[in-house]
Chemist: 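Please find one structure pasted underneath; my questions will follow.
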Amino acid sequence: MVATTLRIGSFFALLGFLASTTEAHVAFTTDETLPGVQLNTSLSVGHGCDGSPTVELSISVPEDITSIEPQEINGWNLTLTHRNGSSGPVSNFTWVGGPLDAHAYQAFPVLIQVPNVDVSQNNVTLYFPAIQRCENGTNAWVFEGADEQAEAANQKPAPALVITSTPSNSSSEEGHGDHNNASGDDQSGAQQLFGLTAAVAASAFGVAYQFLL
């Protein structure tokens, strides 16, 4: 009886771990970059709102970013809002369309001119608050801080871009490059990661099931 209870407890602990690791934030596919470069990246959406499909993604741009180019994608209409009339820097952009299935992944590509800030002493983190609207419900990814702080505050973390002298990825590049290839690579890589996570989760469930026997 005790052994069975321990097995059941361990099984539900594993379920909790899997749930936490498969939770997908709205986040940049490349979230670290050198200062002063043009960055090809994407905002990734990995799930809907409690099972409801996504129909809109709206992003607020920090004032430090004076040049940003969100990209058109099939099935979505893109609108831009500027700070000072039509000639000022972009302050907000929104994709409306879909619907994107609640369990599907979509990369929304953007080209960012990263400000040439001083990171010799400390990294600089810029936050891009995001509102994800669904057919039923809304996810507000607006907390500006670490994921742990957002969780403690019972809020969802805003997409963050870390400007650093030692980025952990190498997707930052000077010049525009090939937008279509860049966004395709972002989406393909994220889909592969999602698939790998799902495979690991399925395997773990199988182990857990055997563990209960």
Side-chain angles (χ1 to χ4, degrees), residues 23-33 35 37-49 52-102 104-115 117 124-135 137-147 149-150 153 155-163 167 169 171-172 176-177 179-180 182-187 189-190:
E23 172 69 16
H25 300 335
V26 172
F28 286 108
T29 53
T30 299
D31 58 5
E32 293 186 3
T33 180
V37 302
Q38 285 187 315
L39 175 69
N40 277 316
T41 184
S42 295
L43 287 150
S44 64
V45 173
H47 62 75
C49 309
S52 180
T54 300
V55 295
E56 180 178 318
L57 181 65
S58 183
I59 307 296
S60 295
V61 181
E63 292 188 1
D64 302 81
I65 299 295
T66 58
S67 178
I68 186 168
E69 298 178 26
Q71 305 297 299
E72 300 275 0
I73 54 176
N74 293 334
W76 298 80
N77 294 320
L78 174 64
T79 58
L80 307 179
T81 302
H82 298 264
R83 297 191 190 282
N84 302 307
S86 59
S87 61
V90 173
S91 61
N92 178 277
F93 53 91
T94 302
W95 288 279
V96 178
L100 176 65
D101 186 86
Y105 169 88
Q106 178 68 56
F108 294 84
V110 292
L111 178 68
I112 302 173
Q113 178 60 54
V114 181
V117 295
V124 174
T125 301
L126 301 179
Y127 294 96
F128 295 70
I131 301 296
Q132 176 191 11
R133 292 186 174 86
C134 301
E135 290 182 346
T138 299
N139 286 330
W141 304 91
V142 298
F143 185 88
E144 298 187 5
D147 286 2
Q149 295 173 320
Q155 297 188 46
K156 293 178 171 61
L161 181 64
V162 179
I163 307 173
N169 43 55
S171 296
S172 301
H176 287 246
H179 294 181
N180 293 330
S183 61
D185 289 346
D186 283 339
Q187 184 165 354

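Just so it is clear, the model here is predicted, and its values are computed rather than measured. We use all heavy atoms of the structure for the numbers below, so side chains are in, but hydrogens, waters and symmetry mates are not.
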Chemist: Identify the heavy atoms of A107 and P109 that sit nearest to each other, and give their distance.
Modeler: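 Closest heavy-atom pair between A107 and P109: O-CD, 3.4 Å.
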
Chemist: State, with a plain yes or no, whether a side-chain heavy atom of I112 is found less than 4.5 Å away from one of I65.
Modeler: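 Side chain of I112 against side chain of I65, heavy atoms only: contact under 4.5 Å found.
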
Chemist: Return the minimal non-hydrogen interatomic distance between A130 and L57, and the atom names on each side.
Modeler: CB-CD1, 4.3 Å

Chemist: Roughly how far, to the nearest 0.5 Å, is CG of L80 from CD1 of I59?
Modeler: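 I59 atom CD1 to L80 atom CG measures 12.5 Å (nearest 0.5 Å).
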
Chemist: Are any side-chain N or O atoms of E69 and backbone N or O atoms of S67, one a donor and one an acceptor, separated by less than 3.5 Å?
Modeler: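 Judged by distance alone, no pair lies under 3.5 Å.
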
Chemist: Output, in order, the C-alpha distance, side-chain angles, deciding distance and verdict of side-chain contact (heavy atoms from CB on, under 4.5 Å) for T79 and V96.
Modeler: CA-CA 8 Å; T79 58; V96 178; 5.7 Å; no

Chemist: If you round to the nearest 0.5 Å, how far is OG1 of T125 from CG of D64?
Modeler: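 So the gap between those two atoms works out to 11.0 Å.
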
Chemist: Could you pull out the closest heavy-atom pair between G48 and C134, with the gap in Å?
Modeler: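 For G48 and C134, the tightest heavy-atom pair comes out as C-SG, 3.9 Å.
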
Chemist: Do Q106 and T54 come close enough that some side-chain heavy atom pair is under 4.5 Å?
Modeler: no

Chemist: What do you reckon, is CG of N77 surrounded by more than 12 foreign heavy atoms closer than 6.0 Å?
Modeler: no

Chemist: Say you draw a straight line from CD of Q132 to SG of C49; how long is it, rounded to the nearest 0.5 Å?
Modeler: 4.5 Å

Chemist: Given the rule in the side-chain contact (heavy atoms from CB on, under 4.5 Å) test, do V110 and T41 qualify, once you have shown the distances and angles that lead to the verdict?
Modeler: CA-CA 6 Å; V110 292; T41 184; 3.6 Å; yes

Chemist: Checking N92 against T94 for the side chain to side chain donor-acceptor pair (under 3.5 Å) test, could you report, in this order, the C-alpha distance in whole Å, the side-chain angles of both residues, the deciding distance, and whether it holds?
Modeler: CA-CA 7 Å; N92 178 277; T94 302; 3.2 Å; yes

Chemist: Is any side-chain heavy atom of S44 closer than 4.5 Å to a side-chain heavy atom of Y105?
Modeler: yes

Chemist: So W95 and F108, would you call those rings parallel, tilted or perpendicular, with 30° and 60° as cut-offs?
Modeler: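 Plane angle between 30° and 60°, so tilted.
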
Chemist: Does N139 reach the side chain of V26, with side-chain heavy atoms less than 4.5 Å apart?
Modeler: no

Chemist: Answer yes or no: is there a donor N or O on one side and an acceptor on the other, between the side chain of S42 and the main chain of T29, under 3.5 Å?
Modeler: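 Flag not set: sc S42 to bb T29 has no pair under 3.5 Å.
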
Chemist: Mind listing the closest non-hydrogen atom pair of A153 and F143 along with its distance?
Modeler: CB-CE1, 3.9 Å

Chemist: With side chains defined as the heavy atoms from C-beta onward, is the minimum distance between T33 and P167 less than 4.5 Å?
Modeler: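 No - every pair of side-chain heavy atoms lies 4.5 Å or more apart.
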
Chemist: Could you check whether the rings of H47 and W141 sit parallel, tilted or perpendicular, using 30° and 60° as the cut-offs?
Modeler: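 Rings of H47 and W141: tilted, as their planes differ by 30° to 60°.
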
Chemist: State, yes or no, whether a side-chain contact exists between T81 and F93 at a heavy-atom distance under 4.5 Å.
Modeler: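 No, every pair of side-chain atoms sits at 4.5 Å or beyond.
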
Chemist: Let me confirm one number: the CZ-OG1 distance from R83 to T66, rounded to the nearest 0.5 Å.
Modeler: 9.5 Å

Chemist: Is the closest side-chain heavy-atom distance between P159 and L43 below 4.5 Å?
Modeler: yes

Chemist: Could you pull out the closest heavy-atom pair between V114 and P35, with the gap in Å?
Modeler: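 So the minimum-distance heavy-atom pair works out to CG1-CA, 4.0 Å.
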
Chemist: Rounded to the nearest 0.5 Å, how far does CG of D31 lie from CG of L126?
Modeler: 12.0 Å

Chemist: Roughly how far apart are L39 CG and E32 CD, rounded to 0.5 Å?
Modeler: 11.0 Å

Chemist: If I compare all heavy atoms of G88 with all of H82, which pair ends up nearest, and what's the gap?
Modeler: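 Taking every non-hydrogen atom into account, O-ND1, 2.7 Å.
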
